[in-house]
**Q** 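Questions regarding the structure given below will be posed in turn.
Everything quoted here is computed from the prediction, not taken from an experiment. Starting from 1, each residue takes its place in the sequence as its number.
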Amino acid sequence: MSRLARLRAWLKSLAGQVFVLQVIMVLLLIGVAVFETVVQSERDSTDEARARARSVAETFATATGVVKAMDDPDPSAELQPLAEKARKVARVGFIVVTTPQGVRLTHPRPSLIGKKFIGAIGPAQRGQVVVEILDDKDGRFVQAVAPIRQSNGRVVGLASAGLRIGEVPSVVVRQLPLLVGSGVAALLVGVGGTVLVTRRLRRQTRGLEPTELARMYEHHDAVLHAVKEGVVILDGDGRLVLANDEARRLLGLPLDAEGRRVWDIGLETRLAHLLTSGDLVVDKVLPVGDRLLSVNQRATDQNGGPAGSVATLRDATELLVLGDDADAARRRLKLLYEAGDHVGRSLDVTQTAQELADFALARFADFVTIDLAHEVLSGGEPTSGSGMYRAAARGIRDDHPLYPLGTRIHYAAATPHSSGFTSGSAVLVPSLSDSAGWRQQNPELAADVLDYGIHSLITAPLLARGEILGMASYFRSEKPDPFDRDDLALAEELTARAAISLDNARRFTREHALAVTLQRSLLPHALPQQNALEVAHRYLPAQADAGGDWFDIIPLPGARVALVVGDVVGHGLQAAAGMGRLRTAVHNFSALDLPPDELLTHLDELVTRTEPDSSLEAEDDALAGATCLYAIYDPVTRNCSVALAGHPAPFFIGPDRTVQSPDLPVGPPLGLGLGGLPFEATEVHVPEGSDIVLFTDGLIENRTQGIEKGLTTLHHVLAQTPGGPEEICDAIQTTLVPDTPRDDVALMVARTRALSTDNVAEWELEPEPDAVADLRAATSRKLEEWHLGDEAFTTELIISELVTNAIRYSAGTIHVRLIRDISLICEVYDNSSTSPHLRRAATTDEGGRGLYLISQFADHWGVRYTPKGKVLWTEQKISGL
């Protein structure tokens, strides 16, 4: 037969027909895929061109310098290089900037500058972006027009960008060779698969002899009789067609059982009925003699086969016993898994003990008691002589005779509790009535317990990290069976898991107490003496863990007062220690009498410098950042200067009870390393009798409300609350602070006072030496008026030295201010930024003794700088105050 004839014969076969069908389907799929690829390529190119043109136009319209260039006398000179540079970077055909009327200011072809722009510009003139597709002699292109807006929203120009659709590469087109290649590969695989399957079938079926078929049957029969699972096949009349060796063993069949009816071979009635029913059976367990057999059965005629059924038999006796053990272990694991979800949900020692009692009561015992060492309740380490206190007690009834909560318990030597506490192992007492040692603890109470019906006990130590924290006791009364070894193992595992949760709670309690103690010790215990403000404050630590919130009141020279509120990032001892460091730094910087913005700048540098200096071992001690508010109130001018470092702004309540929160500039939080972002101070005039409310974010943000809602609520409370600072603090705490705050809360309310003009004297002096004598006389008269004549000599000396120094080293008018407060304050203002220094003058020096005399007569003196110069100030104690 020729090759052509063999090919025709093969194509007429089933394999050949399947192959031809495969070729047709593959070619059809390739054609459809190519067509779809071409269509998709054109669509993708258009969409990509539109998106790129719009993006470039909008980006250039909002680019830095474009709006400013539109106001230039010659905008084309500014914009043309920018547009060309942007066009090359963005790889578009053109970027054109026009006036709002459409006159070109830029173009890749400079000769077209000043010409009318071609395209739709109406939407762009109205502030919208328009994208359109146009045609010219070189093909289709896309152009987008975007408005150029000033900061007030007015359109001052238009920016257009465009490119040709054909210049946009299509990802789909690049995939076309891969698609065609995949189709060809699929076709080749189909050809090869068809050839292989044809040859395989020919090898498996051609020339197969009857002996080979018989040998195949023998192999199947050998396997059937070798498996350790009984197989029974019945025909439609209920006769036994086949039973393998395992079935004969399990059922005790006679040798001539095959061919006989099932009812005639001695099977038990239930099994015989099941086998002859032909019903579908899955893992049904039946007793057969001293065995339990698992039976599976199905009919043989479901797919057109002969009538009858086939059943498999498995000896389930041992499996059932193992299954019961497995079920018990599974229940135990499930119970322990559930314990992980129900015990230890809180970090409170008593609550954790109560959770253990509640969980065990619902699933394991009828009565549960938890006794803990006294030190554990307060977060300490248990000792050998620790007294036990009943921390939790639960039962199916509340009238039980067991020790109540809070009872101090001492375990007698022979009791199961003492034995478990000493050995560190759980103790099982199946019958309390037979336990003489248990009765020794309290014979009268033991009799009441037995009369109540409690009859069995398991007591297990709460052992964690080698320390016994207490004892858990499980009692049974309702169920008549006593506790057994399986219950003992379960109680041990349950108690061991609960002990870890208790130890975690104990450790947290200890650290929380230490953090709160440290935090409170670092906060001010008493308010400093000053007359400028009436202050009330609150500090509420978080229930979970104390943080780094703090507040401070610092008297400053000139009867001024600094108010500070801050929040260190984090919780626990690290945050508390960081707070103490920052508070100390604020006190040190305030001693330099710096303005609020400069003080925050120095504080930010300190925090930033602290972090890199921390070694890897001390990394936990490094400050992770903080927020801070620093304000200075001057009772003479009634002005308050405020600077913020990532902190919420204060509220100001006027004498008429109107509430304001000025929009103050907020600098970055401390320690972020953003040295380029400055801090700004804002001066706010605060009338006498106003309230300044400062707080941390824990007051306005919690799990139930965000910051905006918290600020709104605080504003409402301040507007509705009359009274002084204490009443305002109480109202805020009652309304905004939850019972279990998640974050610390620091709150301070300061009511402003003002120094009356009767307590302030001011003079303007020309820089003439003769003015000093007149000033001394005026000072003496004012002191007599204030009934401070005893201070006249000292004050005249101080003022004359300060003014003489100002006349010598500065130029311009000199301002002198005398303030009567809790001390007598002298201030001399001049326009020189040179600071005098205290030094020891030699015997031959003609000068240099002025500041030395001032330091001897004044209690305090110093210098602070102003935008126009400096202020030299002194403070003197007033006799009788």
Side-chain angles (χ1 to χ4, degrees), residues 292 316-340 342-343 353 355-371 392-397 400-403 411-412 414-441 445-464 468 470-502:
L292 291 175
T317 307
E318 296 180 357
L319 293 177
L320 205 60
V321 175
L322 294 176
D324 291 340
D325 294 341
D327 289 340
R330 191 181 303 110
R331 288 193 298 270
R332 181 187 304 170
L333 290 175
K334 182 181 179 182
L335 184 67
L336 295 175
Y337 177 78
E338 292 176 351
H342 291 79
V343 181
E355 289 170 354
L356 171 60
D358 292 339
F359 180 82
L361 177 69
R363 297 167 177 81
F364 179 62
D366 296 326
F367 295 91
V368 183
T369 62
I370 309 296
D371 302 331
R394 288 299 305 274
I396 56 176
R397 294 185 299 275
H400 59 79
L402 301 173
Y403 288 128
Y411 299 137
T415 60
H417 295 80
S418 178
S419 176
F421 190 88
T422 304
S423 64
S425 302
V427 177
L428 169 65
V429 183
S431 176
L432 290 176
S433 60
D434 298 334
S435 175
W438 173 74
R439 291 172 178 268
Q440 292 182 9
Q441 177 70 32
L445 181 63
D448 293 339
V449 170
L450 293 175
D451 293 340
Y452 191 77
I454 299 176
H455 60 83
S456 189
L457 163 69
I458 293 177
T459 180
L462 291 159
L463 181 64
I468 296 180
M471 297 294 293
S473 301
Y474 309 96
F475 299 89
R476 179 170 286 178
S477 65
E478 293 294 312
K479 190 175 180 179
D481 297 334
F483 286 121
D484 56 20
R485 291 293 174 182
D486 292 337
D487 297 323
L488 178 66
L490 177 59
E492 284 183 318
E493 295 182 23
L494 176 61
T495 307
R497 293 198 177 196
I500 299 299
S501 299
L502 276 170

**Q** Are L445 and Y403 side-chain neighbours, meaning at least one heavy-atom pair lies under 4.5 Å?
**A**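 The answer is yes; the side chains approach within 4.5 Å.
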**Q** To the nearest 0.5 angstrom, please state how far the CZ atom of F483 sits from the CG atom of L428.
**A**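 It is 8.5 Å, given to the nearest 0.5 Å.
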**Q** Pair I458, V429 - check side chain to side chain contact (heavy atoms under 4.5 Å, CB included), show working.
**A** CA-CA 6 Å; I458 293 177; V429 183; over 6 Å; no
**Q** Nearest 0.5 Å, please: how far is CG in D366 from CG in L361?
**A**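 Reported value, rounded in 0.5 Å steps: 7.5 Å.
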**Q** Residues two or more places apart in sequence or in another chain: which of them pass side-chain hydrogen bond (donor to acceptor under 3.5 Å, both in side chains) with D481?
**A**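 D481 satisfies side-chain hydrogen bond (donor to acceptor under 3.5 Å, both in side chains) with no residue once adjacent residues are dropped.
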**Q** Determine, for R394 against D358, whether the closest basic-nitrogen to carboxylate-oxygen distance falls under 4.0 angstrom.
**A**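 So R394 pairs with D358 through a salt bridge.
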**Q** So Y411 and H417, would you call those rings parallel, tilted or perpendicular, with 30° and 60° as cut-offs?
**A**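 The rings of Y411 and H417 lie parallel, inter-plane angle below 30°.
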**Q** For F367 and I396, what are the C-alpha separation, side-chain angles and deciding distance, and is it a side chain to side chain contact (heavy atoms under 4.5 Å, CB included)?
**A** CA-CA 7 Å; F367 295 91; I396 56 176; 3.8 Å; yes
**Q** State plainly whether the residues R397 and E478 are in salt-bridge range, i.e. N to O under 4.0 Å.
**A**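 Yes, charged N to carboxylate O under 4.0 Å.
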**Q** For a quick test of reading the model, state the closest non-hydrogen atom pair linking S433 to L450 and the distance between them.
**A**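 Smallest heavy-atom distance, with atoms named: N-CD2, 3.8 Å.
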**Q** Between T415 and A412, is there a donor-acceptor pair closer than 3.5 Å when you use the side chain of the first and the backbone of the second?
**A**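 A pair under 3.5 Å: yes.
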**Q** How many angstroms lie between CZ in R497 and CG in L494, if you round to the nearest 0.5 Å?
**A**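 It is 9.0 Å, given to the nearest 0.5 Å.
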**Q** Kindly give the heavy-atom pair with the smallest separation between G420 and P461, and that separation in Å.
**A**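 Smallest heavy-atom distance, with atoms named: O-CG, 3.9 Å.
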**Q** Would you call S473 and L457 a side-chain contact if the rule is heavy atoms closer than 4.5 Å?
**A**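 Yes, close enough: below the 4.5 Å cut-off.
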**Q** Say whether T459 and Y474, considering side chains only, have a donor N or O and an acceptor N or O under 3.5 Å apart.
**A**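 Looking only at side-chain atoms, Y474 and T459 do not form any donor-acceptor pair under 3.5 Å.
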**Q** For the residue pair I370 and V368, what are the closest heavy atoms and their distance?
**A**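 The answer is CD1-CG1, 4.1 Å.
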**Q** Which distance, rounded to the nearest 0.5 Å, do you find between the CH2 of W438 and the OG of S431?
**A**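 It is 9.5 Å, given to the nearest 0.5 Å.
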**Q** Check L502 against A353 and note the closest heavy-atom contact, atom names and distance.
**A**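 In this case the closest contact between L502 and A353 is CD2-N, 3.9 Å.
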**Q** Between A472 and L356, which heavy-atom pair has the shortest distance, and what is it?
**A**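 Shortest heavy-atom contact: CB-CD2, 4.4 Å.
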**Q** List the atom of G424, the atom of I468, and the distance in Å for their closest heavy-atom pair.
**A**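 Answer, listing the atom of G424 first, then I468: CA-CD1, 4.1 Å.
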**Q** Between S418 and A414 (side chain of the first, backbone of the second, donor and acceptor by atom type, cut-off under 3.5 Å), is there such a pair?
**A**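 No: the side chain of S418 does not pair with the backbone of A414.
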**Q** Sequence neighbours excluded, which residues qualify as side-chain hydrogen bond (donor to acceptor under 3.5 Å, both in side chains) partners of Q440?
**A**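 side-chain hydrogen bond (donor to acceptor under 3.5 Å, both in side chains) check on Q440 returns nothing, list empty.
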**Q** Give, for atom CG of L463 and atom CD of E492, the distance between the pair rounded to the nearest 0.5 Å.
**A**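 With rounding to 0.5 Å, CG (L463) is 11.0 Å from CD (E492).
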**Q** So, taking the atom named CG in D487 and the one named OG in S456, what distance separates them when rounded to the nearest 0.5 Å?
**A**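 Reported to 0.5 Å precision, the distance equals 8.0 Å.
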